[in-house]
Amino acid sequence: MKLAISATGKDLESQIDPRFGRCAFFIVAETEDMSFEAFDNASISLGGGAGIQSAQFVASKGAKVVITGNVGPNAVRTLNAAGVEVVVGQSGSVKEALERYRAGGLNSTQEANVADHYGMGGGAGMGSGSGRGMGGGMGRGMGRGMGMGSGAGRGMGQGMGMSGGISQSQPQSAPGSEDDLRQLKNQAEDLRRQMEAIESHIKDFENK
């Protein structure tokens with residue numbers, strides 16, 4: 001009878017590959033004389049459906065029993081439908097597994113012992129998505145803050161800015177300095193016009 005064993009290499013001394021759907025090789029061996037063939041697993045790089053494809057492959061090679069470490073539910077269903085028995089939880093060399101089976105020391109199961117997509121990677125993709133999301137959030141937050149600040153400054157008017165200018169000029173003023181005096185007069189005139197404009201707005205609100 002033919003057995004298919006998931007293996008890390010192409011001979012009987014190779015270790016059992018714990019993955020069924022994405023194992024490196026399949027060794028299909030005859031229990032009667034221990035003759036075997038080794039096959040590359042073409043499903044090892046599939047993004048999905050590796051268990052199903054691998055199950056169909058070993059069934060097509062005439063295997064009646066699969067010996068492996070772990071197998072998912074899709075693969076188990078496919079193997080059961082093809083009439084192939086499944087032995088899971090195995091480790092050690094392919095030769096040792098064959099000898100255990102010939103001695104009647106292995107029992108088959110119809111249940112999966114791992115979830116689908118066992119052995120698949122993808123951690124980096126997730127990390128990349130998280131990084132992009134955080135960067136975009138920070139950019140939008142800063143943009144809104146800057147816009148609100150600019151709007152508030154224009155709305156409040158220029159009076160506060162001119163007032164600050166006076167306070168900065170006063171410590172630098174020297175008695176009798178014509179330039180400083182002229183600057184102060186210009187600032188006072190600007191403030192006067194601003195005050196008139198503010199008073200006019202106040203009156204407009206009061207008259208409404």
Side-chain angles (χ1 to χ4, degrees), residues 6 8 15 17-25 40-57 68-78 88 111-208:
S6 59
T8 59
Q15 294 295 301
D17 195 321
R19 305 163 299 175
F20 172 70
R22 291 184 172 79
C23 66
F25 304 97
D40 293 337
N41 182 12
S43 304
I44 189 170
S45 59
L46 289 180
I52 295 174
Q53 293 294 324
S54 294
Q56 292 173 344
F57 175 78
T68 188
N70 301 289
V71 65
N74 287 339
V76 166
R77 284 192 291 268
T78 304
V88 298
E111 301 294 332
N113 65 336
V114 292
D116 283 334
H117 309 302
Y118 171 81
M120 286 187 67
M126 295 172 63
S128 177
S130 176
R132 287 195 298 269
M134 290 175 65
M138 291 176 64
R140 288 193 295 272
M142 290 175 66
R144 286 197 297 268
M146 290 173 67
M148 291 175 64
S150 176
R154 289 195 298 269
M156 290 297 293
Q158 298 175 356
M160 293 177 64
M162 295 304 297
S163 175
I166 293 172
S167 63
Q168 293 175 1
S169 299
Q170 286 175 342
Q172 299 173 1
S173 302
S177 172
E178 293 182 1
D179 290 339
D180 289 342
L181 180 60
R182 184 167 54 252
Q183 184 178 4
L184 287 172
K185 286 182 178 181
N186 290 338
Q187 290 176 350
E189 182 63 22
D190 289 338
L191 284 173
R192 185 182 63 78
R193 285 196 296 266
Q194 290 174 22
M195 288 299 298
E196 289 176 354
I198 293 172
E199 289 174 356
S200 176
H201 286 307
I202 291 173
K203 287 179 181 178
D204 289 341
F205 279 114
E206 289 176 345
N207 293 332
K208 285 183 179 180

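Treat the numbers as computed from the prediction; the structure is a model and nothing was measured. Note: hydrogens, waters and symmetry copies are ignored here, and every other heavy atom, side chains too, is used.
Closest approach of Val114 and Pro73 over heavy atoms only: O-CD, 3.3 Å. Of all heavy-atom pairs between Gly69 and Asn113, the closest is O-ND2, 3.1 Å. The shortest non-hydrogen separation linking Asp17 to Arg22 is OD2-O, 4.5 Å. Scanning both residues, Phe20 and Ser6, for their nearest heavy atoms gives CA-CB, 4.4 Å. Gly21 and Ser43 get closest at one heavy-atom pair: O-CB, 3.8 Å.
Summarising the geometry, atom CD belonging to Gln53 is positioned 14.5 Å from atom CD1 belonging to Ile44; distances are rounded to the nearest 0.5 Å.
The pair Lys203-Glu199 fails the salt-bridge criterion, with no side-chain N (NZ, NE, NH1 or NH2) lying under 4.0 Å from an Asp/Glu carboxylate O.
Contact check for Phe25 versus Asp40: side-chain heavy atoms found under the 4.5 Å cut-off.
A search for side chain to side chain contact (heavy atoms under 4.5 Å, CB included) contacts involving Thr78 returns Ile52, Ala55, Gln56, not counting sequence neighbours. Residues that satisfy the side chain to side chain donor-acceptor pair (under 3.5 Å) test with Glu196, not counting sequence neighbours, are Arg192. Judged as a side chain to side chain contact (heavy atoms under 4.5 Å, CB included), and not counting sequence neighbours, the contacts of Val76 are Val71, Asn80, Ala112.
The only option from Arg193, Gln194, Gln187 that meets the side-chain hydrogen bond (donor to acceptor under 3.5 Å, both in side chains) definition with Asp190 turns out to be Arg193.
Enclosure of atom CD in Glu111 is not indicated, since only 12 or fewer non-hydrogen atoms of other residues, nucleotides or ligands lie within 6.0 angstrom.
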